[in-house]
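What follows is one structure encoded as structure tokens, with my remarks underneath.
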Amino acid sequence: MRERNLLFSPSILGASFSAPLSALAEIEAAGADFVHLDVMDGSFVPEITFGAKFIRDIRPHSELVFDVHLMVDHPERMMQSFIDAGAGIITIHSESTEHAWRAMMMARDAGVESGIAINPGTPVSFIEPLLDIADYVLVMTVNPGWGGQSFIPECMKKVEELSLRRDSDGYGYLIEVDGGVSMANIRELFQKGVDVAVTGSSFFRESDKGAFLERMRREAEGLS
Ligand code: DX5
Ligand code: ZN
């Protein structure tokens, strides 16, 4: 088993949209690794958040990698805009298009890392052909579309499966989990193979966010 570090990708969906630059600054000051940006289109999921222009405009205000999670139908149609906006990672949903391969290769060809997400009801087998070209596999641990929901424990099995497959078949993807991640489940998630933890509400409800990430890391590694 290789050495693994746990990376944190706090989502600004957990913050007030009245002050996005302060949310960005808080994420950076807390020592996070990525900034998670949840794009919703009102079709793939009911809510609408923001698009490529917003990401392009806030891009110069942070040094962190922008981890863009596209909860949109037909992401291949807007891939180029998010590449141009300065995304470091673009994750699309396997359920959102017949052209997942093309969309993922657009990102990779542009030097942007590429992720594939699966909803709670989607099995790992559905993305089998994409595992080879995925830099990240994002396991949704809530139904996509809203922050602040409860973690769905059944999704843990998919983390385990992806971790075993990575070891047995030599895949290079990192495993990311998104939704309801907190102190209550971080240890099990990390032990089962998670590399990147998205934290929305659990992060933004804390006053000392740096101390929170440190506690999460220690809890994950079994040091607390
Ligand atoms: C949900 C989003 C998540 C959300 C997570 O559709 O993809 O990234 O911000 O928020 P919490 O951590 O509150 O579940
Ligand atoms: Zn997300």
Side-chain angles (χ1 to χ4, degrees), residues 6-17 20 23-24 26-27 30 32-52 54-55 58 64-73 75 78 82 85 87-96 107 113-122 134-156 158-159 174-190 194-206 209 212-213 215-217 219-220:
L6 182 58
L7 304 174
F8 288 101
S9 186
S11 169
I12 66 164
L13 189 65
S16 166
F17 278 7
L24 210 53
E26 285 184 298
I27 291 172
D33 302 280
F34 305 150
V35 177
H36 189 81
L37 293 154
D38 287 304
V39 178
M40 304 185 188
D41 68 347
S43 174
F44 182 70
V45 292
E47 299 292 328
I48 297 177
T49 53
F50 47 77
F54 172 79
I55 292 175
I58 64 168
L64 297 180
V65 170
F66 276 14
D67 169 27
V68 176
H69 178 192
L70 294 183
M71 285 165 275
V72 305
D73 278 327
M78 48 185 100
F82 288 98
I89 305 163
I90 302 180
T91 295
I92 63 160
H93 266 266
S94 57
E95 307 85 359
S96 67
E113 290 194 300
S114 189
I116 186 75
I118 46 176
N119 280 340
T122 305
D135 297 299
Y136 295 83
V137 177
L138 187 152
V139 177
M140 286 305 302
T141 41
V142 297
N143 292 304
W146 304 270
Q149 304 176 77
S150 301
F151 184 84
I152 301 173
E154 287 82 353
C155 298
M156 200 75 94
K158 289 192 273 184
V159 170
L174 295 184
I175 304 172
E176 182 165 1
V177 278
D178 187 2
V181 175
S182 71
M183 206 61 77
N185 47 39
I186 194 68
R187 185 175 299 187
E188 190 175 355
L189 286 167
F190 184 61
V194 164
D195 305 281
V196 185
V198 176
T199 49
S201 47
S202 62
F203 177 85
F204 278 101
R205 84 162 68 92
E206 295 287 327
K209 296 171 174 59
F212 170 68
L213 291 190
R215 282 205 316 281
M216 286 280 272
R217 197 182 301 283
E219 171 66 19

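Atoms within a ligand are numbered from 1 in the order they appear, just like the ligands themselves.
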* Asked: Has ligand 1 got any nitrogen or oxygen that is less than 3.5 angstrom from a nitrogen or oxygen of G145?
  -> yes
* To do: Kindly say whether D38 contributes a backbone atom to a donor-acceptor pair with the side chain of T49 at under 3.5 angstrom?
  => yes
* To do: Mark yes or no for whether T141, through its side chain, and D178, through its backbone, hold a donor-acceptor pair below 3.5 Å.
  => yes
* Hey, does the side chain of D41 reach the backbone of F44 with a donor-acceptor pair shorter than 3.5 angstrom? -> yes
* Pick one: which of V177, V194, L6 meets side chain to side chain contact (heavy atoms under 4.5 Å, CB included) with I186? -> L6
* Structure fact -> If we number the atoms of ligand 1 from 1 as shown, the ones under 4.0 Å from a heavy atom of P144 are 6 (O)
* Asked: Looking only at N/O atoms, are G200 and ligand 1 under 3.5 Å apart anywhere?
  -> yes
* **Contact atoms of ligand 1, heavy-atom distance to H36 under 4.0 Å** => 8 (O)
* Would you check if the side chain of D135 reaches a backbone N or O of G115 as a donor-acceptor pair within less than 3.5 Å? => no
* **Under-2.8 Å neighbours of the Zn ion (ligand 2), protein N/O/S atoms only** => 4
* **Atom pair OG (S182) and CZ (F212), whose distance is rounded to the nearest 0.5 Å** => 7.5 Å
* Asked: Of all the atoms in ligand 1, which lie at a distance below 4.0 Å from a heavy atom belonging to G179?
  -> 14 (O)
* Asked: Backbone N or O of A32 within a donor-acceptor pair of the K209 side chain at under 3.5 Å?
  -> no
* Between V198 and ligand 1, does any nitrogen or oxygen pair lie at a separation below 3.5 Å? -> no
* Nearest protein heavy atom with distance in Å, relative to atom 5 (C) of ligand 1 -> D178 OD1, 3.5 Å
* Do the two ring centres, one from F50 and one from F17, sit under 6.0 Å apart? -> yes
* Under 3.5 Å: donor-acceptor pair, side chain of S114, backbone of A134 -> no
* Residue list, salt bridge (Lys or Arg N to Asp or Glu O under 4.0 Å) with E113, at least two apart or on another chain -> none
* To do: May I ask you to check whether D67 and H69 show a side-chain donor-acceptor distance below 3.5 Å?
  => no
* Which residue supplies the protein heavy atom nearest to atom 14 (O) of ligand 1, what is that atom called, and how far is it? -> G180 N, 2.8 Å
* To do: Write out the residue and atom name of the closest protein heavy atom to atom 2 (C) of ligand 1, then the distance separating them to 0.1 Å.
  => D38 OD1, 3.4 Å
* Can you sort out which atoms of ligand 1 are near G147, meaning under 4.0 Å from one of its heavy atoms? => 10 (O), 13 (O)
* Any N or O of S11 that comes nearer than 3.5 Å to an N or O of ligand 1? -> yes
* **Flag, side chain of S96 to backbone of H93, donor-acceptor distance under 3.5 Å** => yes
* Asked: Considering only heavy atoms, does S201 approach ligand 1 within less than 4.0 Å through its side chain, its backbone, both, or neither?
  -> both
* Would you say H69 and ligand 1 have an N/O pair spaced under 3.5 Å apart? -> yes
* Asked: Under 3.5 Å between some N or O of ligand 1 and some N or O of N143?
  -> no
* Asked: For atom 1 (C) of ligand 1, what's the nearest protein heavy atom and its distance?
  -> W146 O, 3.4 Å
* Asked: Do E47 side-chain atoms and M40 backbone N/O form a donor-acceptor pair below 3.5 Å?
  -> no
